[in-house]
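What follows is a short report on a single structure.
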Amino acid sequence: MDKLAKASNTIDIIKKYNFTFQKRYGQNFLVDTHVMDKIMDAAQITHDDHVIEIGPGIGSMTQYLCERAGRVTAVEIDKDLIPVLNETLKDYDNVRIINEDILKLDLNKLILEENNGKPAKVVANLPYYITTPIIMGLLEGHVPVSRITVMVQKEVADRMQAGPGSKDYGALSLAVNYYSSPHIAANVPPNCFIPRPNVGSAVINLDVYDKPKVKVGDEEHMFKLIRAAFNQRRKTLTNSVSGALTLDYSKHDITEALEALSLSGNVRGEALTLEQFALLSDRLLSDRNNLD
Ligand code: SAM
């Protein structure tokens, strides 16, 4: 079948079905076969893989996935696209189309049923309005996935890949780096989509670890600490964490714990590595337990 990911073929399908783009669903269809090839290279799909595609649109990327994977599950929220997908994917017998909101679907259950619980791969040109809830839902929800290869807003890809000291470094970088190893595989300009988005895009690959990168006593406590530290990123960590309503530490508790880790009481959150946040979280909890 000729590739749908060419502008002329996408336009033909849109006209044939009288399809109206829904802005609220973040519908920007990818119309560049070179970019599709780059996404496939980054995802490294084999016939043994079960791939979950989030938001197949008219099925342009799904065609590529069906050619390479053992099985593809494509989850699309827009019911108007289901008849289109039924036609564009009719030649493939390894695809299941689900008309559902990805944020409401139980992916652990789906992978258990479709892949015996073995890790799947996620590949998608994501709807940008829900990038963070999708990625964090997969990672924090411990959904069995070995790799996530997704097109996201360039700025978000930079934040995911950022390290300490960079302006892009923050709670998202730390969460993504805790669960996975991120790598930007390609930058993609707006003219590769119909309609063109107002922002640049990038393909990012997250290689998900079997176990998180660092050991920490209480994961939830560490992430509360991280969120508090970046909530007011211009403040020192001591000031922003002591002011956080989600935690109950005084300035004194925090400076003492920082000093015990050979860090200054005036340090900002953006200077700490993931390992240091884990140590600080453990230290604050052990100091508190010693007081009890
Ligand atoms: N994969 C297609 C492509 O590359 O051309 C379309 C990508 S488009 C950026 C995002 C797709 O996600 C749209 O088809 C949109 O309808 C769908 N979508 C938006 N929100 C969704 C949700 N909550 N659950 C599932 N699909 C969603």
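In listed order, ligands and their atoms are each counted from 1. In what follows, every heavy atom counts, from backbone to side chain, and hydrogens, waters and symmetry copies are set aside. What you see is a predicted model; the values in this text were computed from it and never measured.
- Using a 4.0 Å cut-off between heavy atoms, Y129 contacts ligand 1 through its side chain alone, with no backbone atom that close.
- Of the possible polar contacts, one joining the N94 side chain to the C66 backbone as a donor-acceptor pair under 3.5 Å is found.
- Atoms of ligand 1 found under 4.0 Å from any heavy atom of N28 (numbered from 1 in listed order, with element): 7 (C), 8 (S), 9 (C).
- Between the choices G55, A5, G57, the shortest heavy-atom distance to atom 1 (N) of ligand 1 belongs to G55.
- In terms of protein heavy-atom proximity, atom 2 (C) of ligand 1 is nearest to P56 O, 3.4 Å.
- A ring-centre distance under 6.0 Å is found for F230 and Y169.
- The backbone of E100, and not its side chain, has at least one atom closer than 4.0 Å to an atom of ligand 1 (non-hydrogen atoms only; backbone = N, CA, C, O).
- Residue-ligand proximity, Q27 to ligand 1, at heavy-atom distances under 4.0 Å covers atoms 13 (C), 15 (C), 16 (O).
- With respect to atom 5 (O) of ligand 1, the closest heavy atom belonging to the protein is L30 N, 2.9 Å.
- Annotation: D78 places no N or O atom under 3.5 Å from an N or O atom of ligand 1; distance criterion only.
- Checked against a 3.5 angstrom limit, the closest N/O atoms of D101 and ligand 1 fall inside it.
- Atom numbering of ligand 1 starts at 1 in the shown order; those under 4.0 Å from a heavy atom of E53 are 1 (N).
- Side-chain contact annotation: D78 with Q22, donor-acceptor N/O pair under 3.5 Å absent.
- By the 3.5 Å distance cut-off applied to N or O atoms, M61 is not counted among the residues near ligand 1.
- Put simply, the side chain of N205 never gets that close to the backbone of H183: no donor and acceptor are under 3.5 Å apart.
- Nearest protein neighbour of atom 19 (C) of ligand 1, counting heavy atoms only, is Y25 O, 3.1 Å.
- Closest protein heavy atom to atom 18 (N) of ligand 1: I77 CG2, 3.6 Å.
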For this session: May I have the step-by-step check of side-chain hydrogen bond (donor to acceptor under 3.5 Å, both in side chains) for E53 and T62, ending in yes or no?
Result: CA-CA 7 Å; E53 187 190 7; T62 328; 2.6 Å; yes

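- Nearest to atom 17 (C) of ligand 1 by heavy-atom distance, out of E76, M36, Q22, K79, is E76.
- Donor-acceptor pairing under 3.5 Å is lacking for the side chains of E140 and Y179.
- In terms of polar-atom proximity, I102 is counted as a contact of ligand 1, with an N or O under 3.5 Å from an N or O of the ligand.
- Here L103 has no heavy atoms under 4.0 Å from ligand 1, in either its backbone or its side chain.
- Residue-to-ligand polar distances place N125 within reach of ligand 1: an N/O pair is separated by less than 3.5 Å.
- In this structure, R234 CZ and N239 CG are separated by 13.5 Å, a value rounded to the nearest 0.5 Å.
- A cation-pi arrangement is found for K3 relative to Y64, the charged atom lying closer than 6.0 Å to the ring centre and inside a 45° cone about the ring normal.
- Residues I184 and Q161 come closest through the heavy atom pair N-OE1, 2.9 Å.
- Ring pair F29/F19 is parallel by interplanar angle, where below 30° counts as parallel and above 60° as perpendicular.
- Applying the 6.0 Å contact sphere to NZ of K154 captures more than 12 heavy atoms from other residues, nucleotides or ligands.
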Problem set entry | Stepwise side-chain hydrogen bond (donor to acceptor under 3.5 Å, both in side chains) check, S286 with N289 | CA-CA 5 Å; S286 75; N289 290 337; over 6 Å; no

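- Side chain to side chain, T73 and E114 meet the donor-acceptor criterion of an N or O pair below 3.5 Å.
- Residue contact check for ligand 1: L81 places a non-hydrogen atom closer than 4.0 Å to it.
- Contact atoms of ligand 1 toward V75: 25 (C), 26 (N) (distance under 4.0 Å to a heavy atom of the residue).
- Of all the heavy atoms of L126, the ones lying under 4.0 Å from any atom of ligand 1 belong exclusively to the backbone.
- Near G26, meaning under 4.0 Å from any of its heavy atoms, are these atoms of ligand 1: 8 (S), 9 (C), 10 (C).
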